[in-house]
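In what follows, chains carry the letters A, B, and so on, assigned in the order in which the sequence lines appear, proteins first and then strands, with residues in each chain numbered from 1. Quick caveat: nothing in here was measured; it's all calculated off a predicted structure.
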There are 2 protein chains.
Amino acid sequence: MTKYEKQIYEIVNKLTSHLTADQIFSELKKIYPSVSLATVYNNLNKLCDVGLIRRVSIEGSPDRYDRISKHDHLVCRRCGKLTDVCFEDLTSTLERQLGGAFLAYDLKVFYICPACRKKEMEQTQI
Amino acid sequence: MTKYEKQIYEIVNKLTSHLTADQIFSELKKIYPSVSLATVYNNLNKLCDVGLIRRVSIEGSPDRYDRISKHDHLVCRRCGKLTDVCFEDLTSTLERQLGGAFLAYDLKVFYICPACRKKEMEQTQI
DNA sequence: ATTAAAATGAGAATCATTATAATAAAATTA
DNA sequence: TAATTTTATTATAATGATTCTCATTTTAAT
């Protein structure tokens, strides 16, 4: 594991805010000012391949990178904001149905976040 | 609804194969040879906004478009192949937890498809 | 210390998607 | 129907995220 790989892993796991490659690049430059974006992508891909971090792709915005620990995502359909949440664990159900072929699952729940609901309410009333 | 919009809707609903914008463009050109790719994107966006079709975004490949009818997706981690599947319906559970804010959910289950499993077996034995 | 292998940096290239601006088609009104 | 307005379409340029290339540097192995 190279210093960059390690540091990127740290950043993704410390800042639980689903950073994009570019945001991780910015963070990393604080520590290693000469690092390049290509290196960030290389290491993010490597870490994803090995399964140390996970990629969260949401339509219409660049991929985000997230720690592995089991949790689901709430996505606001208005503003796109991503929030961690834990719904019931589907692993055993899926394992039962798919057998050894099963690897993982990704559950995204779309909703309107409180802030956007409020905005909508205000607009409707006018 | 314009002729293009209607036809694109038809294509997405007839061919259950999760076509990309470009593939839909190819299909549409068979009927309207002069249609442009921008029109395909415009109408796909319109249809998604209205909720008549849905976009399926998978990391590392262009967005795909799919009929609305409730089903989940199996994604092979090796070859990326997408398969329709129906797991238990989570709607009521999610509605209970999120109330009126809930809109929809997207469940992707990652696995190794039979074809890729076979390949892996063969390689392991060598 | 030498060689081989892997990682990095800088920037070019790619690919999907969106924006633009001119034209064409459709809808509305008179 | 003609004139006017609105909307959709085309072709192409622009954008933005990501990957590729290749020369250089770093790391590991002999």
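For the atom pair SG of B/C86 and CG of B/L74, the computed distance is 10.5 Å after rounding to the nearest 0.5 Å. The CD1 atom of A/I112 sits 11.0 Å away from the NZ atom of A/K119 when rounded to the nearest 0.5 Å. Distance NZ/A/K81 to SG/A/C116: 8.0 Å, rounded to 0.5 Å. We find the CG-CZ distance between B/L94 and A/F110 to be 12.0 Å, quoted to the nearest 0.5 Å.
For the pair A/M1 CE and C/dT8 P, the computed distance is 12 Å after rounding to whole Å. Atom CZ of B/F25 and atom P of C/dT17 are 14 Å apart (whole Å). Rounded to a whole Å, the NZ atom of A/K29 is 13 Å from the C1' atom of C/dA10. When the P atom of C/dT18 is taken as reference, atom CD of A/E59 falls 10 Å away, rounded to whole Å.
Using a 4.5 Å cut-off on side-chain heavy atoms (C-beta onward), B/S92 and B/R96 make contact.
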Which letter, B, S or -, goes with each nucleotide of nucleotides 8-30 of chain D from 5' to 3', with contact meaning a protein heavy atom under 4.0 Å? SSBB-----SBBB----------
Should B/Y111 and B/T83 be marked as a side chain to side chain contact (heavy atoms under 4.5 Å, CB included) after you check the CA-CA gap, both sets of side-chain angles, and the distance that decides it? CA-CA 11 Å; B/Y111 79 138; B/T83 317; 3.9 Å; yes
